Each structure stands twice: as C-alpha cells, then as structure tokens.
Asks: 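Mind looking over this structure? Questions follow.
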Amino acid sequence: MGDIDDSHFETGDSGASATYPMQCSALRKNGFVMLKGRPCKIVEMSTSKTGKHGHAKVHLVGIDIFSGKKYEDICPSTHNMDVPHVKREDYQLTDISDDGYLSLMSDNGDLREDLKVPEGELGTQLRADYDAGKDILCTVLKSCGEEVVIAVKTNTALDK
Amino acid sequence: MTEQIIAELESAANIIMAPPNVVANEQRHAAECIFLEFRKTKSPYNICREILEKSQNHYVMFEAAEVIKSAIIREWAFLLDSDKISLRQYLFEYIITHETPPFVKERILQVIVIMVKRASIDDNGRERANLLREVESLIVNSEPQKKILGCNIITHLMQEYATTVKSTDVGLPWEVHFKAKKQFESTDLKRIFQFSIYLLTEVGKAGTPFPENMVVLIGHLLKILERVLTWGYVSPFLPKRLIGIYEAVYEADAAPGLKLPASWADYILNPDMVPLVFQIYWKVRDNEQLAHTALACLVQLATLSGKVMSHDESRLKYLHSYLVAFFNLISNVTIRSRESIGISNIVKKLIIFFISDIPKLPNDIRDTLLDEFTRLTCHFCEGGALEETQVDEEDRNFSDAFDGMMEAWMTILQEFGPAASDSSLFECAKRVFEKYVQSRLAPPEGSRGPQRDHDHGGDEPEESDRKLYRDQLQSIGSFGRAVSKTSMPLMFNLLESRTATLYNSFQEMRSRALTISEAAALDSLYEDLNWLVLIAGHVLCFDADGNETVMIPMEMIRMSSNSYNAGCTVEASLQALRLAENSTTMPADFEKCDAIVRIFFDIMKLCCVEEFAIRSGMKQFLSPELSSTIMWFFRRFCANYLMPVEHYYTELTPTILGCLGVNSEGARLIIGYVLKKIQTNLYYFQSEPQVLQDTVDCFCDLVNCRQKSIHIYDAPALRELLTVCESIEPGVMPQNVLRGMYRGFALCAECLAMEGETPEPLQIYMESVVGSLQRKFHSICTAEGGLASKTEDQSTRAVIVDLLEAFIGLAKGSQIFTSDIIFDFLAPILNEMPNFMSAFNNYHVIVQLILELFGQVAKYTLCYLPHTKSQRLYECALATVQTYTKCNMNRFTVESFAEETTFQDLGLVLDVLTFILSKDCIDLCTSNDEEITVTAADVSLFGLSFIMPLMSMDLLKYPSLCLQYYRLLVLVNDIYPEKVSSLPQDLLQSLLKSIDIGLINFGSDIVQICLDFIQGMASYIFRHKLVNSLLYAAIRPFLKTLIDLTLSRQINSDLITSASTTIYTLICCYQEDYRALVETLLQMQSDPMVRERLAAAFNNLVIGVEWNCERLPKLKFRDNFDKFIANVHGFLLVK
C-alpha cells in the first residue's frame, strides 16, 4: 500500500514547491534560477552597483533549460531569487512504440512510457541509434512540471 | 593588340567594380582571373605604359602600376640600366604631368622609390641624389600642387628606406635593406632634414593666418620633419628581431628617443632650430592637425641624445635653449586640453633624458623649471578633475597629462630627495599634494565637481577608484611622504571631521528619514571619505602586489622620530589604540599621539560608525565602496606597519616599537580589531561580493607572513573567526569567499611547520581547522541510501559546494612545509571524488568544483609531495577524469550551452593534467629515497588519452582552450619525447593530427607550439637514429607540409625563423625526401628561367650546411633560409 502511495507522489505533480529561494549573491554560474517564470541555467553573472556608493546588484543571463531561450534580469544582491528543482535522470531505452512513445527503464527497474521521442536532431539521432541496435541511455530533464529527453548517450562496453 | 588587351582589362574592371546585383558570380570570378593572369605578365613595362597613357579606367591604371611594381622586384637583376633609368624618368614625368586619382599616384610613387632604392644599392645613391635635386627644385619653384607632389615623393622615399624587417620590397634580403637604410641615413636624410628646416624658416617669416595651400604645405613639411625626428636610428649591432621591434614601435606613434651620431651635430645643434620649431608650433597651434605634428616634433627634440650630445657643454646649451623656448611658450598661453598630453610628454622626456643636467643649470632657470612644472601639474590636476565631472566628455587629456607629470615628478623627487632638505622642492611638493587633495574633495574645502552618474544599466562592473587611479595614488603617496610633516596633519584632520559628520548624520537618521538633498550630501560625504582613506593609505604605505616584503617607508620613520622628539609619547599613542573601538570616548593627550597611529585610530572610528549604523538597523545606508576601501587600508597597514621585523631597519622609533612592535599591546589590539572586523563583514555583508573579496584578501595577507602569523594563530579572535566560518549556513556565501577564508587558515599554519616533521601545535591547529569539514564530509558519504540518493537534495548539494570550496581553499593555502599535512587530510576526500563525479555528473557546478579541486591540489601541493603521496594523487585524479569522460562520451545533447560547458570542463581537465606534469619540471620534495615507478608524464598522457575523443574541432576554436591543449602537448614533448614516441599508434596519430591541424587553423602562437613540437620530435629521431620506427614514418610528412607552407607564405613572416630551424632538423632526418621534394618543385616550374633561379636558390640554401643536427649548422641554415625566402618570394608565383 505504502509503495503505491510513494510512486504516486513521485511521478505526479505532488504539490511540493517546484522552487526554493536563494539569496541572489549566492547564485553561481552554471547553476539554475527562475527568470521571467522560466527555469534557466545561469550562463553569465556579474555584479555592479546602484551608484558608486550604492549596494551590489546582480546581472544574470540565463538560458531556458527547455527552450534554449535567453533571459536576463538585474536584481539587488540582497533579494531572494527562486531556484528551480532540476532533476536529471538517466534511463535505459527499451523500446519505441509505434505512436512515438519511449519505453524507459530506470536504474531500479521501474518502467515508464509517458515520454515521446524528442523532436528534431536529437530524435533523429535517437531513432538511428535505436535502429542500429545500440544500447541507449536517455537523460530526462525535469523541472517545474515539464519533462523531456534532453540527451542520449550510446552505451559502450567501457561504461559497464 | 595593346588596344585589345586594354579593352579586355577595362571590361573586366567594370565587372569587378559593378554592384553585386548586376553581375553573376561566375562573371566576377572570370574577371578576377583576367587580372590574376595579367599580374603574371613578363616584362610588362611597355604594355603598362600604354595603359597609363591610354586608359581612363582607374582600376586598370592601379593594376598596371601594381604589375610594374612586382615585375620590377622580380626582374630587377635582368633589366638594362638604360631601361631602368628611362622607366624611372618616364614614371616621374608621368605623375608630374598627369592628373591621377590619389591611390594610383601613391602606387606609382612607390614604384619610383623602390627603383631608386634598388639603384642606390649599386650606385651609392647617385640616382637618388639626382631625384632629390629634381624634387627640391620642384618644391621651391613650382606652383602649390607640384610642391605637394614633391613632398609626397620625399615622404615615400623615407618610408621605403625606413622599414627593413617588414619591407614590401620582398626581393632583397634583410641585410641589404638595412645597409641601404644606413647609407640613406648618413647622406640624404640629413639633406632632407636641412631642406625641411630651410623651408620651415620661410614659413616662420610668413604672417598668420596662412593661406589655404600654405597650410597644406606646412602639414607636409611638418610630417617630413616628424619622420626625420622619429626615424629609427638603430645601431647595426642589434639583432634583426630587435630592429624589427624598433621599426614597429616607430610606426606606432610612440617613437624611441632621438639618438643621433656625432655627424648630426652641425644639423641638429643649430641654435636657431629649436626656437624655430617652437615658433612654428605657436603659429599653427589653432590648427589641430598641424599642431599635433609640430608638438610631436617638439617631444622628439626633448629626447635628443647619443654621440651628438656627448659634450657637457653642448648638452647644457641645447637644454638651456630648449627650456627658454619652452617656458616662453607655456607662460604666455593657456594650455588647452588637446595639447596638454604633448606638453606633459615634453616634461617627462626632458626629465628622462636630461635629469643629470638639471642641477648644472643656472639657479634662476632651475627655479623657474620647478615653478613652471608645479604650475603645469596643478593646472592639469584641475583640468582632470573637471573632465571627470563631464558625462559626455570621453577625452581624458588633462588626467593623462597629469599622470605624465606625476611620472616626471617621481624621478625629480627621487633624484633630488630627500625632499625636506630642499625648501623650494618641498614647497612645490606641498602645493601639488594639497592641490590634489583639494581636487578630490567636495566644496567648500575642495573643488570636486558633481559626481557623474555611475548607474548606467549595470552592464559593465565599474572599476573601483583604487584600481582606476592606482598609479596616480601611488605618486601622490610619494608626494605625501615627501611632505609628511604637513600632509599627515592635513589627512587626520580631514578624516576626523568627515567621520564626525557621518556619525552625526546617522544619529539624525535614527529619528527621521533623510531628505533628498541630505541623501545626496551623504553620498558626497562617502566620496570624500573614500578618497581620504585612499590617499591616507597611499601616503602611509607602499602598495605592493605579490609577495615582496613591504616595509615601513623611510620617510614615515623619520617623521615618527621627529614627532617623538617633539613630544609625542608611546603612552598617548597606546591610549588611542585602546580606545579605538569605543565610539564615544576621546583619548586623553590625543595631540601627543603619533600620526601613524592616529590615522589608524581614525579609520577605526569610521568602522565604529559602520558598526553603529548596523546595530541601529541602518545598514542599507552604508557605502560598500567605503567598506571595501577600509579593508584595503587594513590590509596595507598591517603589511607595512604591524609587527615590523626589527633587523630589517637601521632604526625604528619608540612609538612604532611600542605601539606596533612584536609582542606589544598595540599589536595585539590591532590584530584583534582587524580579525573582528573581518568577522563582522562576513556576517553582515554577505550580499556585497566586493566587500567580501577585500575582506578575504585582507585576511590572507595578514596571515601570510610567518613572522606575523606566529602571533596570530592562537589569538582568540582567530578561533571566533573559524567558528563563524563553520556556522555559516550552507549556500549563502558568494563564490570564492569560503575558499579564500580557508586558504587563509591554511596559510596561517605555515608558521608552526618545520621541515621534516609535524610538530604537535601544527597537528592541533590543523585539526581545529579541518575537524568540522571532515565531520560534514563524512556524514554525506555515509548517508543512508548512499550518495546517489542525495543527488536531488538541494541542501546536500549546497553543503557539498561549500565543502569543495573550503577544500580548494585549503589546497591553495598549502605551502612547502604544510603541504604534507594538508594532503594527508585531503587524500581520503580525493579518494571519494570519482564517486561524487559519477553521482553528481549532471550538476555542473559540482563537476567543475571537483575538477578544480584536483587542479589546485596538483598546483599547490604536488611539487612538495613525496612519491607515494604523489602516486595517490595521480590515481585519484585519473579515476576522476576517467569517470568524467565516461559520463560524457558518446553523448549527444540538445541542451543549450552544452558546448560552452564542455569547454569549461575540458579547460579544467587540461589544468589538472598540466599541473600534474609540472611535477616533472619542478620537484621540490626533499626525500627521494623512494623509487619512482610512474612519472607525471605517464599520468598526463594517459589522462590526455581519455579526453582526446571529447576534444572536437569546434571546441578547439575556443582560443584559450586551444592554447592550453597545445601547450600541454609541447610540454609533454619537451620533457619526455621518448614517452611520446612510444605511445600506442592510434594515440600518436591523433596527437600528430592535432599538430597538423594546429599548423594551419589557428593563430601564430599555436603554429609556434606545433613547430616546437615537430622540431623536438625530429631531433629525438635524429639523436636516437630511429629510422624504420613508427615515429619516423609518422613525422615524415611534416617536411613537405612545412616547405609548402613557407613557400606559399602561409606561415607568418615572424615565424619563418622557427620554421627554418624545424625544417633543418627534419632535413637531417629525411635527406632523401628533401632531395626528391626539391626535384619535384623544380619540375613543376614551366618557365626555364624561374626553374633555373629556383635551382640556384635551393643550391645556395644548403651551401656550407652540415646535416648533423648541431647548433652551428642549424644557425647557418637559418640565415640561409632567410635569404632564400626573401629571394624566392621575389620571383616565385605561388597561389
């Protein structure tokens, strides 16, 4: 009974906050932050001041981790920013269904079939590798309720 | 026939010049081919003459001139003298009689002067003298247009002779270029100088304003004069490389001094000449262009030196007449912004070149000199202050001129100091110091204008004044020390009054909000205080970068000694230190406090006001800029004054010893105060990265000196500071802060360490520092569910990030005798890193910190570690790099920014490998009783083999990564060619592929590295006679590649020398290949004459060269190759 409940909470939108607060000055390059309501990776971060004797403010440039769109923001370094929980998980690809859904197996053996083959280059690569019979790991990126396959890695003997 | 060719060329030119939408690409391409073909025409002189006469098409005319130029260079040796002369005369006539567009005229002028220069090599300049005669009469007798043309010819002639190293006349070897230059210099250059002075004398007689065409002519004459005065009169004994640098500098508007041989005396020491140039300057001052050139001439004349000035008498006479003319100018005009830099340059140069003559000048002119220089300095200081307030004013002329004056003053103060002994100099220094302080303070006492608005969107982080005005402040510091008896009271009075005002403002603010004007006044008050702290700090202390020992400046000791004799007491000074933390009570006998201590006391008072504001909840009204500056002050003050090492000084005063000396109560108090201030900042300024950075720097500097840290390590305030660092909530500190703090804690340990053993106090101290880190790390490693279960927990990740920062800090703080104990602590942690890398490979912040940790451990501890420990580090580092590779190999990602991230990662990996490799260069470990089984090179190469597959061409396009990668390759190769030679074939192949790519695709720094690599490999092959080895075959293709690249000019001319020695080494290994290569090249030439010349050139290339890979024949070959390339590039047309 407990098991079922757990899985329910993990896969569904549990209502637990998708973000947590962090003081702006403590953010780091390559870390994450919410900019204009989107989960972003910080690619540039610089500090300046509000006037010569003013306080520090932080200039952030982030890239939306899903769309690749660039966002910028400036805020006082004392402010708290929302930082998204970003989860990346590697799954073994076991099958691709006719309607374009992936069968993915997690490390502990759980199966899921709710993600589609990604569009564009990555999807093409994924199908090609799959058709070539390669052993494929898919990295699934999840944040703020969105979830997509962001990278594929063909497994070689080295990894095992 | 000719008409047909001209018509064809003209229609081709029309196609090339047509807008892109009118002609098709193929058409354009075909038209270009016609011109390419035309350029190859042999003996094109007649056809080109026809073109110049008949064609109206400017493009075709330009091409014709260009074709003559390259044909002349190529075929000079075979032309008949009569043909040369008639062609030269024809072209000269042509430009005099024909109206042509400037670019065509320029090119024809170039052809003429190349011909003249070529001829002068054979006829000792007879032909050139003829030309000059014609030109001079043209300038004197003809109408204005012709005069200008004459000037143009002279300018071109000088240009052609001036450059020898990078001359466009590629057909001559450099030695010949240089000889021609020297010949020109000793004959016709003087003639040109004299001629231009003669003409300028005429100008001097003319009344102003000048008519339009006269202005143009003056411009040309001044240009010619400037050219003569900035001519690179270099000695023939300098190596070519240096001469090349001279010539490059000469072109870049920062000419070297005017150093002339004795033969110039009659020309340059003419007593009327300097006043004439000043007179001309005065007359053209209103014309910006002319004034600039004339001023440049005056600056050059202020640098006159060399054999021509070897007699004291003539030097003094020259200097005297220069100064009289100079003072006459500057005391009669108001110096404008745009001429200020030139004027200040004149002063600077006069001081550099004539400093030893100044004391020999008559007293009155010497006094005038000091007075005028002071007046200029103050004028520039005011002008500079005004410039800073003007938002739209981008020019910083006055400020730059002021900085130039400061440089000159530094030399004067040094030469004629100690300043106090010379009362007129003292007065000057006092005037300058006070003027400067005034320019930095707000009215009414000061003259600072309203501040510029610094808030423009926040794109560019503003540099702090401390960095922006570093040189200026240092000079002003010297002034302040020179006049310490007046500067110090000025400083402490101003500091005290401004601090009191600040305190009162905060008192006021407690009860009511600020009005807008009060807020502005607060800002202005902070600006005053910030400058006062900066100036006071620079007067008190030397601002030294790096690890040099800073000492108490001599002037300050003298001042302290004088004031001690005048009634200052140790007790009164100590009393001030005791009360420094108390914001209300003023010390008794304050006027008897030593001025050095008093300034420290004043800064402490400022801290008290900060503390007061924080406690009253008004932190937001503080100035982070000022807080940063205060930390900078403490850092400098402690470095200079705290616990001075007595035996470094001949005398120290009782006040300094009693208040700041080792074991003094004062020193203990100061350490306590500063450490406590650091604590406060860490706690209250977490959102101010700059304040924290200065705080960390202050801490690290304080503990980075054995003599000082031995008295600090057990201070209660240090324990408290450690506790503060341990209890900081994870994830709240900006980057680099914890790292800096732990670096400081590690640095402090060095004072307890001893060679070869770990004393108990060190053990205890280190345990206290690392204990809490160890516990935190352990609890993460042993967490329930294993590390993998923690990857998504952000609070765990925050703890890990902070821990890694602290570990990196410890590594960076380890020194020779502490590296052992620090490594012992880090080793178990490093051991866990492959697991961390694998668990957190999706979190780049952590991945990069792990890689950085290894880099820093290797950088700071490896060279001191004994072999067994090094081995441990190698193993962990390789395992971690391997894990990294495993996580990223064969990965295809659409994640934005993935490439940039990989670039950063690989840079860090390369760092690790490079730092590890340096163990083989610098190994300072004293115990070498263990047998070395694995060398660092093995590790680096092994590591390289992991990341090589990740190193894509796209990534190599990042210049820094590219350079790092190639540097590592050549470093491995430098130390261990045998390791490279015994690499597995696929790794060797990909390495050499990288070298091959590097020769063509990137900048010349990379090409240099690749050449070094090939040369290293080739000499290894030669020395070990590795014929028939894998390596022998692998290096072989580079011979052809390099010869092709040099012949086709794809290797930058600066690198030809390196390329030639590499080619030499390769020929030593592959002589057969070389012969075959030469044969093929010769056969490829269809023209028998070219083939013959090429064969001769190849013959000369190897004359007298032995193929034994020794230094001397290599140098011989290098010189031959230089000539070979100059020669071959002259006639060989390679696409």
Side-chain angles (χ1 to χ4, degrees), chain A residues 20 22-31 41 43 45-59 63-70 74 76-79 83 85-90 107 118 120-122 125-126 129 134 137 139 141 149-156 158-159, chain B residues 451-455 457-462 464-465 522-527 530 620 622-626 686-692 731-735 788 791-792 794-795 798 801 841-845 847-848 882 885-898 900-901 904:
Chain A
Y20 58 94
M22 197 168 190
Q23 184 161 309
C24 195
S25 55
L27 293 170
R28 282 163 180 268
K29 196 174 163 181
N30 287 330
K41 177 171 178 168
V43 295
M45 191 175 154
S46 58
T47 36
S48 56
K49 284 191 287 182
T50 53
K52 188 168 175 189
H53 296 285
H55 295 269
K57 56 185 179 177
V58 180
H59 181 209
I63 304 253
D64 186 322
I65 57 174
F66 292 111
S67 72
K69 258 174 116 173
K70 191 167 166 180
I74 291 185
S77 67
T78 46
H79 273 209
V83 177
H85 286 286
V86 177
K87 182 173 157 185
R88 294 146 176 267
E89 213 168 350
D90 289 343
D107 272 353
E121 246 187 307
L122 185 66
Q125 178 81 27
L126 192 150
D129 285 346
K134 287 186 189 166
L137 273 183
T139 306
L141 183 73
V149 174
I150 195 85
V152 293
K153 188 172 173 325
T154 47
N155 241 349
T156 57
L158 185 74
D159 298 329
Chain B
Q451 260 175 274
R452 278 169 76 167
D453 188 5
H454 280 257
D455 188 14
D459 283 352
E460 296 277 308
E462 289 271 335
S464 69
D465 290 336
L522 185 65
D523 229 33
S524 160
L525 184 58
Y526 278 134
E527 184 70 0
N530 195 46
Q620 69 276 24
L622 289 174
S623 157
E625 177 82 13
L626 180 60
Q686 284 171 6
S687 60
E688 294 296 338
Q690 193 50 51
V691 178
L692 288 177
V732 302
M733 273 296 173
Q735 219 164 337
T791 52
E792 281 158 40
Q794 70 86 13
S795 60
V801 166
N841 79 79
N842 275 322
Y843 294 91
H844 286 124
V845 173
V847 167
Q848 294 186 355
Q882 198 167 14
T885 321
K886 214 160 79 178
C887 298
N888 291 285
M889 266 263 263
N890 301 325
R891 189 179 176 126
F892 183 83
T893 173
V894 288
E895 206 172 352
S896 36
F897 229 63
E900 166 85 19
T901 315
Q904 293 164 5

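The structure displayed is predicted, hence computed values, not measured ones. Convention: sequence-line order gives letters A, B, ...; per-chain numbering from 1.
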Asks: Within this structure, what is the CZ-NE2 distance for the pair A/R28 and B/H844, rounded to the nearest 0.5 Å?
Replies: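 These two atoms lie 15.0 Å from each other.
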
Asks: Side-chain contact, heavy-atom cut-off 4.5 Å: B/N841 with A/R88?
Replies: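 A side-chain contact is absent here, since even the closest heavy-atom pair is not under 4.5 Å.
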
Asks: For the OG1 atom of B/T893 and the CG atom of A/L141, what is their distance to the nearest 0.5 Å?
Replies: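 Reported value, rounded in 0.5 Å steps: 9.0 Å.
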
Asks: Please look at A/D129 and chain B and tell me whether the side chain, the backbone, both or neither of the residue comes under 4.5 angstrom of a heavy atom of that chain.
Replies: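 For A/D129, no heavy atom lies under 4.5 Å from chain B.
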
Asks: CD/B/E792 to NE2/A/H85 distance, rounded to the nearest 0.5 angstrom?
Replies: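 One gets 10.0 Å once the value is rounded to the nearest 0.5 Å.
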
Asks: Please look at A/Q23 and chain B and tell me whether the side chain, the backbone, both or neither of the residue comes under 4.5 angstrom of a heavy atom of that chain.
Replies: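 Contact with chain B: side chain only.
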
Asks: Give, as side chain, backbone, both or neither, the part of B/L692 having an atom under 4.5 angstrom from any heavy atom of chain A.
Replies: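 Nothing of B/L692, per the 4.5 Å heavy-atom cut-off to chain A.
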
Asks: Quick check on A/V83 against chain B: is it the side chain, the backbone, both or neither that has a heavy atom closer than 4.5 Å?
Replies: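 No part of A/V83 comes within 4.5 Å of chain B.
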
Asks: Given heavy-atom pairs under 4.5 angstrom as the criterion, report whether the side chain, backbone, both or neither of A/T139 touches chain B.
Replies: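 Contact with chain B is through the side chain of A/T139 alone.
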
Asks: Please determine whether side chain to side chain donor-acceptor pair (under 3.5 Å) holds for the pair B/N842 and A/E89, giving the CA-CA distance in whole Å, both sets of side-chain angles, and the decisive distance to 0.1 Å.
Replies: CA-CA 9 Å; B/N842 275 322; A/E89 213 168 350; over 6 Å; no

Asks: Taking atom CD of A/E121 as the centre, does the number of heavy atoms from other residues, nucleotides or ligands within less than 6.0 Å exceed 12?
Replies: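 Open.
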
Asks: For B/G731 and A/A26, work out which heavy atoms get closest and say how close.
Replies: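 Scanning both residues completely, I find the closest heavy atoms to be O-CB, 3.1 Å.
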
Asks: Between A/I63, A/L137, A/V152, which shows the greatest number of heavy-atom pairs under 4.5 Å with chain B?
Replies: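 The answer is A/V152.
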
Asks: Would you mind reporting whether A/H53 and B/L522 have side-chain heavy atoms less than 4.5 Å apart?
Replies: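 No, side chains not in contact.
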
Asks: Using side-chain heavy atoms (C-beta onward) and a distance below 4.5 Å, is A/K153 in contact with B/F892?
Replies: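 Heavy-atom side-chain distance check fails, nothing below 4.5 Å.
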
Asks: State whether a side-chain donor-acceptor pair under 3.5 Å links B/T901 with A/K41.
Replies: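 Looking only at side-chain atoms, A/K41 and B/T901 do form a donor-acceptor pair, the distance falling under 3.5 Å.
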
Asks: So, A/K52 and B/D465, do they make that salt bridge, N to O below 4.0 Å?
Replies: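 B/D465 and A/K52: salt-bridged.
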
Asks: Between chain A and each of B/V845, B/V847, B/T885, count heavy-atom pairs under 4.5 Å; write down the option with the most.
Replies: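 Max contact count across the listed options: B/V845.
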
Asks: Between the main-chain N or O of B/S687 and the side-chain N or O of A/S77, is there a donor-acceptor pair closer than 3.5 Å?
Replies: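 The answer is yes, because a donor-acceptor pair under 3.5 Å joins these two groups.
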
Asks: Side chain from CB out, backbone as N, CA, C, O: work out which of these in B/N888 comes under 4.5 Å of a heavy atom of chain A, or both, or neither.
Replies: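 It is the backbone, since no side chain atom gets that close.
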
Asks: Below 4.5 Å, heavy-atom pairs only: which of B/E527, B/Q620, B/Q904 has the largest tally toward chain A?
Replies: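 It is B/E527.
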
Asks: Taking atom NE2 of A/H55 and atom OG of B/S623, what is their separation to the nearest 0.5 Å?
Replies: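 Separation between the atoms: 8.0 Å.
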
Asks: Once you round to the nearest 0.5 Å, how far does NZ of A/K29 lie from CD of B/Q848?
Replies: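 A/K29 NZ to B/Q848 CD: 8.0 Å, rounded to 0.5 Å.
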
